[in-house]
Amino acid sequence: MNRTEMMERIALLKKERNAVILAHNYQPGEVQDAADILGDSLELSRKAAATEASVIVFCGVHFMAETAAILAPRKYVLLPEPGAGCPMSDMITADQLRTWKARYPGRPVVCYVNTSAEVKAESDVCCTSSNAVRVVESLKEAEVLFVPDKNLAAFIARTSRKKIIPWDGYCFVHHLIYADDVHRARREHPEAEIWAHPECRPQVIDLSDKALSTGQMVAEARATTRREVVLATEAGMTYRLAKENPGKSFIPIKAAALCVNMKKTTLAKVLSALENLETRITVPDEIADRARTAIEKMIRI
Ligand code: 13P
Ligand code: SF4
């Protein structure tokens, strides 16, 4: 089947199955083009919770589909590529978190949405890169445990009056962007603004002009009067920004900054997911109920 035939078949199956396709901003272009809703982690979890559809095809990584399954337990949530994980979310297990938090009684746990359902179930409140500071600030305690991203923890610690105690995790994609890459980008693109994702190292964020989640990058790309922007984030982010903003140029800071897991989903796999209703992602009720409390607390904030 060629691409047009696949798109036609997907459109037909979506109607038959009453399905909606959600895709993260880092997904390959062909998958973004087939999506009904594109977004960052926060937007996608909100849309998953609100959709009228019976089937959600989640084009992203495992924790994202799990979050959708937690928020919409009666829906059929499909992950077209079951092997698409997030190595950062695997950097902490529920057992490790239980042991760690026992060492810090009285401190609430804030978990980044990039965590397993089991870790969310052990946390007090969830956050994403677009609301992390607000979530931490909303807590009454002066000291907060933060899992798993130490870079996002450092980003929050700059703007918050709270003491943030970080877990030692990181995203290998953002972690391989260095201060030297920002210096080089400034030399090569002197007219450009540089936007960094909060998962970047603190030095990279300091040297950049703005720190933005992927959803905030989408909004800023529309608003900016700059003709050129360098993105210190996953290289595939340029696809949506270039498509939505003709005449503006979006340059990845480093071609090597690629999330292989995000790129495992293809149009053919989206079609196959709809044909076979696979792979369904479910979360046991006992874990889902506790994880939902942490996610819904974030959504209220
Ligand atoms: P956003 O919430 O900014 O989309 O980030 C998700 C993610 O996995 C970034 O690596
Ligand atoms: Fe996980 Fe990093 Fe990929 Fe985002 S870019 S899904 S944090 S590995």
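Atoms within each ligand, like the ligands themselves, are counted from 1 in listed order. For the single chain, residues carry numbers from 1 onward in sequence order.
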Yes or no on salt bridge (charged side-chain N to carboxylate O under 4.0 Å, His left out) for K162 and E137, after CA distance, side-chain angles and deciding distance? CA-CA 7 Å; K162 313 262 180 199; E137 282 297 292; 5.5 Å; no
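- V20 and M64 end up in the same hydrophobic cluster when Ile, Leu, Val, Met, Phe, Trp and Tyr side chains are linked at under 4.5 Å.
- Of the possible polar contacts, none joining the S160 side chain to the A157 backbone as a donor-acceptor pair under 3.5 Å is found.
- Between E220 and the options K248, R226, K210, a salt bridge (charged side-chain N to carboxylate O under 4.0 Å, His left out) holds for only K210.
- Any protein N/O/S atom under 2.8 Å from atom 3 (Fe) of ligand 2 was counted, giving 1 altogether.
- With a 4.0 Å heavy-atom cut-off, ligand 1 is reached by the backbone of T214 and by its side chain too.
- Residue-ligand proximity, H197 to ligand 1, at heavy-atom distances under 4.0 Å covers atoms 1 (P), 3 (O), 5 (O), 9 (C).
- Among the candidates H175, H174, E199, the single residue satisfying the side chain to side chain donor-acceptor pair (under 3.5 Å) test with N151 is H175.
- Counting heavy atoms from C-beta outward, E228 and F250 have side chains that stay 4.5 Å or more apart.
- Those atoms of ligand 1 that come under 4.0 Å of a heavy atom in S213, given as number and element, are 3 (O).
- In this structure, the protein non-hydrogen atom closest to atom 9 (C) of ligand 1 is E199 OE2, 3.1 Å.
- Linking Ile, Leu, Val, Met, Phe, Trp and Tyr whenever their side-chain heavy atoms come within less than 4.5 Å leaves L38 and Y239 in two separate clusters.
- Not a single heavy atom of H24 sits under 4.0 Å from any atom of ligand 2.
- Looking at N25 against ligand 1, nothing comes within 4.0 Å, counting heavy atoms.
- In terms of protein heavy-atom proximity, atom 6 (C) of ligand 1 is closest to S41 OG, 3.3 Å.
- In this structure a side-chain-to-backbone donor-acceptor pair under 3.5 Å is present from K120 to V113.
- Atom CZ of R158 has more than 12 neighbouring heavy atoms from other residues, nucleotides or ligands inside a 6.0 Å radius.
- Taking 4.0 Å as the cut-off between side-chain N and carboxylate O, D124 and R290 do not count as a salt-bridged pair.
- At a 4.0 Å heavy-atom cut-off, ligand 1 touches H174 through the side chain alone.
- Counting atoms of ligand 1 from 1 in the listed order, those under 4.0 Å from a heavy atom of S129 are 1 (P), 2 (O), 3 (O).
- Contact annotation: H24 has at least one heavy atom less than 4.0 Å from an atom of ligand 1.
- Every atom of ligand 1 with a heavy atom of N114 under 4.0 Å away is listed here by number and element: 7 (C), 8 (O).
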Test log, rule salt bridge (charged side-chain N to carboxylate O under 4.0 Å, His left out), inputs K101 and E122: CA-CA 9 Å; K101 70 181 186 182; E122 289 296 328; 3.0 Å; yes
